[in-house]
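I have placed the structure first, in the form of structure tokens, so that the comments after it can refer back to it.
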Amino acid sequence: GESVGLHLPTLSVQEGDNSIINCAYSNSASDYFIWYKQESGKGPQFIIDIRSNMDKRQGQRVTVLLNKTVKHLSLQIAATQPGDSAVYFCAENSPTSYDKVIFGPGTSLSVIP
Amino acid sequence: ETGVTQSPTHLIKTRGQQVTLRCSSQSGHNTVSWYQQALGQGPQFIFQYYREEENGRGNFPPRFSGLQFPYYSSELNVNALELDDSALYLCASSWDRDGPQHFGDGTRLSIL
């Protein structure tokens, strides 16, 4: 079936280091991908998105890479800060799917001061 | 610009009851989506409304229903509540059917 999955359920990084969160997707028809950050007691917060006609997109301290050949998505956070501690979800928009938006299970990022 | 607000924040119901959850979308957003998020899991898509018409539905039974009203409000109704319906219910709005979504902080529903 269609699914979005993350390779690492938890990730601990030292403050100031770079973080990389990975995500695999299985629906080749998905054309839009989004990363969300969810803090405890809050709803998911949009971080960055990328469309399937792009390989890379950069934001403020974040970069998303899309490898369509192996159906892989990654989120890179530069100079990770304690405020980056949260659960990170990748999501795919799948216009041909019954489920319009499919979220992965999430990766919990802990930043060590 | 106001964000997405949901009410109530917490709710306790018993099995078999019915519940209505409400959402006020961000001004100007034509699309609203509802999600169910079980503890420790990613949100699961319930359905989406675009300009007051259903625009997609996930794998949820018919006892989950929704409405989108003019002026950026919507609701999720769940009939015949079951214990497994205990979850965080999230509302998200966006400019269009395909674009970044802005989420509310959810309604925590507990079924006893």
Side-chain angles (χ1 to χ4, degrees), chain A residues 1-10 21 23-27 29-53 57 59 62 64 73 75 86-108, chain B residues 1-7 9-10 21 23-26 29-50 53-61 64 66 76 87-108:
Chain A
E2 297 160 353
S3 65
V4 175
L6 295 173
H7 296 308
L8 296 172
T10 59
I21 301 172
C23 175
Y25 66 94
S26 58
N27 187 355
S30 293
D31 58 4
Y32 177 58
F33 304 88
I34 316 103
W35 281 99
Y36 290 96
K37 171 187 180 183
Q38 188 173 25
E39 297 174 288
S40 181
K42 300 284 188 181
Q45 177 186 4
F46 171 83
I47 302 172
I48 192 168
D49 57 0
I50 189 168
R51 297 207 176 264
S52 57
N53 60 351
R57 191 160 188 227
V62 293
V64 55
L73 193 69
L75 175 70
V87 177
Y88 289 80
F89 294 99
C90 63
E92 60 178 305
N93 273 30
S94 187
T96 60
S97 169
Y98 201 53
D99 286 333
K100 294 294 181 188
V101 183
I102 303 169
F103 276 76
T107 291
S108 177
Chain B
E1 178 178 271
T2 59
V4 177
T5 58
Q6 293 186 241
S7 62
T9 55
H10 294 82
L21 309 182
C23 173
S24 178
S25 303
Q26 194 160 318
H29 286 185
N30 293 312
T31 305
V32 64
S33 303
W34 285 89
Y35 296 85
Q36 180 193 68
Q37 186 175 25
L39 202 60
Q41 297 183 23
Q44 267 198 292
F45 176 77
I46 302 176
F47 42 59
Q48 182 185 85
Y49 283 82
Y50 174 70
E53 296 286 332
E54 188 176 288
N55 183 53
R57 187 181 178 89
N59 188 27
F60 279 81
F64 285 78
L76 163 67
L88 180 69
Y89 288 85
L90 294 162
C91 168
S93 69
S94 56
W95 278 106
D96 207 340
R97 289 160 287 186
D98 179 11
Q101 299 188 355
H102 300 257
F103 283 81
D105 289 335
T107 293
R108 173 70 63 186

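As the structure is a computational prediction, the values presented were derived from the model and not from experiment. Reckoned from all heavy atoms, side chains included, excluding hydrogens, waters and symmetry mates. So that the names make sense, note that chain A is the first sequence line, chain B the second, and so on, each numbered from 1.
Minimum interatomic distance between K42(A) and D105(B) (heavy atoms only, all atoms of both residues): CA-OD1, 3.6 Å. The minimum heavy-atom distance linking G43(A) with L90(B) is given by the pair CA-CD2, 4.0 Å. Contact between P44(A) and F103(B) at its shortest, heavy atoms only, is O-CB, 3.3 Å. Looking at every heavy atom in both residues, N93(A) comes nearest to G99(B) through ND2-N, 4.1 Å. Listed here is the closest heavy atom pair of V101(A) and F45(B): O-CB, 3.4 Å. Of all non-hydrogen atoms in F89(A) and Q37(B), the two that sit nearest each other are CZ-NE2, 3.6 Å.
Here the CZ atom belonging to F103(A) is positioned 11.0 Å from the CD atom belonging to Q44(B), to the nearest 0.5 angstrom.
Only the side chain of Y35(B) comes within less than 4.5 Å of a heavy atom of chain A; its backbone N, CA, C and O stay farther away. With a 4.5 Å cut-off on non-hydrogen atoms, Q38(A) touches chain B through its side chain but not through its backbone. Neither the backbone nor the side chain of I46(B) comes within contact range of chain A, judged by heavy atoms closer than 4.5 Å.
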